[in-house]
Amino acid sequence: MKHHINGAELFVEEKGQGAPIILLHGFPLDHSMWQSQVVALSGNYRVITPDLRGMGQSDVPVSNISIAQYADDILTLMDKMGIEKAALGGFSMGGYVAFALLRKAPKRFTGLILANTRPEADGQEARKNRLNMAVSLYEKGSVVARDAMLPKLITEPSKQEHPKLVDTLSMVMESMPAEGLVHACLAMAFREDSVDLLSSISVPTLVIAGEQDPIAPPDVMKKMADQIADASYHVIPAASHLTPMEKPEAFNTLLIDFLKSIKA
Ligand code: MLT
């Protein structure tokens with residue numbers, strides 16, 4: 001359903017009852033990337049999967065937006081939904097938003113899941129690449145993001161094994177509003193560095209890496225986990241970047257065990 005949040009309509013899927021868990025998608029994706037997690041969790045939890053502003057079915061920002069403002073949308077959404085505290089999961093770009101949420105409102109989160117994400121801000125080269133991507137997206141549309149990202153999201157063997165997954169991903173990425181993706185590129189290019197935040201994170205944290213992830217490689221994620229006091233670190237074998245969709249069983253086992261442990 002849609003919620004009116006900070007002057008925009010935000011699409012939010014909500015399933016199940018129990019302790020709330022909010023899962024934030026990556027770029028250039030939407031809430032649908034969490035489909036198998038929603039199925040696995042919604043028998044026991046209230047699972048909330050929003051589309052960040054400008055992606056999926058949420059309104060495209062009318063002026064430029066920062067990662068901190070995506071986070072403000074989530075805090076306002078929590079207020080509107082009457083959620084004082086929730087477990088929070090972020091995949092990749094969703095992880096950047098999760099860091100911003102932990103910076104703004106650490107007391108509102110009971111546990112943190114960081115999947116295939118990294119705490120450093122973009123360096124000069126990465127920033128330049130994002131700006132180039134923003135221009136291409138603006139000129140040629142969302143297929144630019146699809147073509148850039150698809151080869152990195154899942155491994156070759158998984159592509160052979162699950163052709164339907166590739167079709168679904170292509171469709172989702174093609175259907176993104178290109179201007180929303182332009183905003184996301186600019187927000188990521190100029191996001192705050194979160195390395196200093198890590199030592200202040202006091203909630204239990206689950207860090208999940210993909211063995212062959214070229215975007216958030218395991219060594220970067222291990223270093224990140226080492227700086228968070230109460231973090232457990234796991235690598236999913238034979239997986240690339242998009243672990244929640246490429247290896248849903250392995251991902252969900254880690255997620256369910258973690259959520260049980262923070263409840264206990
Ligand atoms: C994502 O999956 O959200 C993006 O790869 C993040 C990024 O490009 O930094």
Side-chain angles (χ1 to χ4, degrees), residues 22-35 37 49-56 58 65-68 70-71 73-74 88-101 113-137 142 144-155 158 165-166 168-170 172-174 176-178 180-195 207-221 223-224 236 239-247 251:
I22 301 170
L23 297 172
L24 303 177
H25 63 78
F27 170 93
L29 300 167
D30 66 8
H31 74 281
S32 64
M33 66 159 280
W34 298 112
Q35 197 184 359
Q37 286 69 43
T49 51
D51 284 350
L52 295 174
R53 215 188 268 227
M55 287 186 266
S58 290
I65 183 166
S66 64
I67 294 290
Y70 290 116
D73 284 350
I74 302 302
L88 175 67
F91 164 78
S92 203
M93 176 183 170
Y96 310 155
V97 179
F99 290 134
L101 283 164
I113 300 111
L114 295 172
N116 308 82
T117 194
R118 51 193 307 154
E120 304 87 10
D122 277 4
Q124 268 192 348
E125 194 57 31
R127 192 170 279 173
K128 201 172 114 194
N129 291 339
R130 285 220 211 261
L131 299 181
N132 287 334
M133 159 100 74
V135 172
S136 299
L137 279 163
S142 51
V144 168
R146 178 203 64 192
D147 293 346
M149 294 301 291
L150 197 54
K152 300 180 191 164
L153 292 181
I154 53 179
T155 59
S158 292
L165 175 57
V166 178
T168 305
L169 281 170
S170 295
V172 169
M173 293 192 276
E174 277 165 32
M176 289 292 146
L181 298 184
V182 169
H183 282 291
C185 280
L186 298 179
M188 288 194 284
F190 295 101
R191 73 185 184 276
E192 249 181 274
D193 192 288
S194 294
V195 174
V207 177
I208 302 178
E211 187 186 31
Q212 298 168 37
D213 185 348
I215 297 173
D219 58 331
V220 171
M221 296 208 58
K223 202 169 150 205
M224 175 175 82
I236 298 186
S240 185
H241 187 55
L242 190 50
T243 54
M245 287 185 90
E246 185 177 8
K247 298 286 175 194
F251 191 96

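Start at 1 and go down the list; that is how both ligands and their atoms are numbered. Hydrogens, waters and symmetry mates play no part in the numbers below; they use all other heavy atoms, side chains included.
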Chemist: Taking the six-membered ring for Trp, are Phe91 and Trp34 parallel (under 30°), tilted (30 to 60°) or perpendicular (over 60°)?
Modeler: perpendicular

Chemist: Could you check whether any side-chain N or O of Arg191 sits under 3.5 Å from a backbone N or O of Met188, counting only pairs where one atom can act as donor and the other as acceptor?
Modeler: yes

Chemist: Below 3.5 angstrom, do we get any N/O pair linking Tyr96 and ligand 1?
Modeler: yes

Chemist: Judging by distance only, is a nitrogen or oxygen of Gly26 under 3.5 angstrom from one on ligand 1?
Modeler: no

Chemist: Under 4.0 Å from a heavy atom of Arg130: which atoms of ligand 1 are those, numbered in the order shown and with their elements?
Modeler: 7 (C), 8 (O), 9 (O)

Chemist: Which of the atoms in ligand 1, numbered in the order shown and given with their element, are less than 4.0 Å from a heavy-atom of Phe91?
Modeler: 2 (O)

Chemist: Check each atom of ligand 1 against the heavy atoms of Ser92 and keep those under 4.0 Å away; list them by number with element.
Modeler: 1 (C), 2 (O), 3 (O), 4 (C), 5 (O), 6 (C)

Chemist: Tell me the contacting part of His241 for ligand 1: side chain, backbone, both, or neither, using a 4.0 Å heavy-atom threshold, strictly below.
Modeler: side chain

Chemist: Do side-chain atoms of Asp193 reach the backbone of Ala121 as a donor and acceptor pair under 3.5 angstrom?
Modeler: yes

Chemist: Taking ring pair (Phe, Tyr, Trp, His ring centres under 6.0 Å) as the definition, give me every residue that meets it alongside His25, ordered by chain and number, with sequence neighbours left out.
Modeler: none

Chemist: Contact between ligand 1 and Met149 is defined here as a heavy atom of the residue under 4.0 Å from a ligand atom; is it met?
Modeler: yes

Chemist: For a quick test of reading the model, state the closest non-hydrogen atom pair linking Asp122 to Ala189 and the distance between them.
Modeler: OD2-CA, 3.5 Å

Chemist: With a cutoff of 4.0 Å, is Arg118 in contact with ligand 1, counting heavy atoms of the residue only?
Modeler: no

Chemist: For Glu174, is the CD atom crowded, meaning more than 12 foreign heavy atoms sit under 6.0 Å from it?
Modeler: yes

Chemist: List the residues meeting side chain to side chain donor-acceptor pair (under 3.5 Å) with Glu120, not counting sequence neighbours, and say none if there are none.
Modeler: Arg118

Chemist: Hey, is ligand 1 close enough to Ile215 that some N/O pair sits below 3.5 Å?
Modeler: no

